[in-house]
Amino acid sequence: MQRHLISAADLTRDDAVLILDTAEEMARVADRPIKKLPTLRGRTIVNLFFEDSTRTRISFEAAEKRLSADVINFSAKGSSVSKGESLKDTAQTLEAMGVDAVVIRHGASGAPYRLANSGWIDAAVVNAGDGTHQHPTQALLDAFTMRRRLIGPDAGLGQDLEGKRITIVGDVLHSRVARSNVDLLHTLGAEVTLVAPPTLLPVGIETWPCEVSYDLDSTLPKSDAVMMLRVQRERMNAAFFPTEREYSRRYGLDGDRMARMPEHAIVMHPGPMVRGMEITAEVADSDRCTVVEQVANGVSIRMAVLYLLLG
Ligand code: NCD
């Protein structure tokens with residue numbers, strides 16, 4: 001393992017499988033009445049969030065507390081200082097306080113990389129989502145969820161996702177979740193197909209290690225997992241598709257579409273979910289939808305990452 005976790009693309013297959021296996025042990029702790037481990041007692045972790053987040057921030061905090069770390073939450077939203085300056089100033093303040101790890105979410109792609117490689121701090125840096133770039137712990141918790149559901153918790157130990165067919169649907173252009181998942185799933189041997197309107201695919205998509213399709217209906221029967229993405233309107237400055245209705249008709253997942261998937265196949269969503277737009281309530285509430293499991297698995301994955309970086 002490297003000293004920081006900045007991008008899913010930095011992980012080797014062995015790193016990724018080690019994190020998934022460690023998360024499996026952490027999940028066992030979560031099943032006990034007392035969920036706390038003494039592993040990071042005396043270590044200080046700062047959650048530095050420059051962008052909105054509910055589940056990711058809470059998930060990191062829960063993971064840190066379960067490992068007995070001292071936790072400092074820093075919500076930098078609304079700061080008027082320009083980004084470069086404020087990041088440096090904040091980093092130097094944290095360094096002066098002697099923190100061991102910084103979990104950072106930032107609207108600017110590359111901010112965690114800059115923090116890790118600036119020489120401003122000695123702490124381990126964990127990327128909790130930067131701009132449209134990367135969200136490596138999300139990709140890891142998604143891979144963990146797939147391995148548990150498609151192979152099984154114990155049977156999955158030591159295993160990657162070789163040959164599993166994963167379809168990712170929706171706003172790929174603005175999605176750090178999609179980018180991180182494509183990188184990690186490729187490393188783990190899965191076959192990824194992206195389905196999106198041409199306007200919501202990034203330039204250079206042909207260099208990504210995956211297939212692209214514009215036809216959801218023909219892709220669903222060949223999928224072991226289907227991951228629906230939120231349309232990220234807050235990152236859009238123009239109209240990327242005609243109407244919501246038209247988007248849902250072509251790229252939304254409803255009960256009829258879900259029936260085209262193989263019986264064992266699961267439906268995933270990183271959250272926050274917009275019911276009606278990318279996924280109907282019927283699908284979101286079905287047994288095949290792993291959204292709630294993904295949240296629980298997120299705590300185990302973040303415990304595993306922090307343990308491996310700091311333990
Ligand atoms: C995602 C994110 O922030 O990148 N959410 C998350 O972390 N679970 C995706 C989104 O906001 O749609």
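One-based numbering, in listed order, for ligands and for the atoms of each.
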Could you tell me which residues satisfy ring pair (Phe, Tyr, Trp, His ring centres under 6.0 Å) with Phe240, sequence neighbours excluded, listed by chain and number? His174
For residues 146-159, which side-chain donor-acceptor pairs fall under 3.5 Å, sequence neighbours excluded?
from	atom 1	to	atom 2	distance (Å)
Arg147	NE	Gly156	O	3.4
Arg147	NH1	Asp21	OD1	2.9
Arg147	NH1	Gly156	O	3.0
Arg147	NH1	Gln159	O	3.1
Arg147	NH2	Asp21	OD1	2.9
Arg148	NE	Glu24	OE1	3.4
Arg148	NE	Glu24	OE2	2.9
Arg148	NH2	Glu24	OE2	2.5
Arg149	NE	Glu293	OE1	3.1
Arg149	NE	Glu293	OE2	3.3
Arg149	NH2	Asp287	O	3.2
Arg149	NH2	Glu293	OE2	2.7
Asp154	OD1	Arg28	NH2	3.1

Side chain to side chain donor-acceptor pair (under 3.5 Å) evaluation trace for Asp215 with Ser218: CA-CA 6 Å; Asp215 181 11; Ser218 67; 2.9 Å; yes
Dump all N/O pairs between ligand 1 and the protein below 3.5 Å as a table: atom names plus distance, one pair per row.
from	atom 1	to	atom 2	distance (Å)
ligand 1	3 (O)	Arg105	NH1	3.3
ligand 1	3 (O)	Arg105	NH2	3.4
ligand 1	3 (O)	Arg176	NH2	2.9
ligand 1	4 (O)	Arg176	NE	2.7
ligand 1	4 (O)	Arg176	NH2	3.4
ligand 1	5 (N)	Gly271	O	2.9
ligand 1	7 (O)	Thr56	OG1	3.0
ligand 1	7 (O)	Arg105	NH2	3.1
ligand 1	7 (O)	His135	NE2	2.8
ligand 1	8 (N)	Gln138	OE1	3.3
ligand 1	8 (N)	Pro270	O	2.9
ligand 1	8 (N)	Gly271	O	3.3
ligand 1	11 (O)	Arg230	NH2	2.9
ligand 1	12 (O)	Arg230	NE	2.7
ligand 1	12 (O)	Arg230	NH2	3.3

Taking the six-membered ring of Phe60 as reference, does the NZ or CZ atom of Arg302 fall below 6.0 Å from its centre and within a 45° cone about the axis? yes
Under 3.5 Å, sequence neighbours excluded: what are the donor-acceptor pairs made by side chains of residues 262-270?
from	atom 1	to	atom 2	distance (Å)
His264	NE2	Asp224	OD1	2.6
His269	ND1	Gly271	N	2.9
His269	NE2	Glu278	OE2	2.9

Between Asp130 and Ser109, does a side chain to side chain donor-acceptor pair (under 3.5 Å) hold up when you go through it step by step? CA-CA 5 Å; Asp130 63 326; Ser109 300; 5.1 Å; no
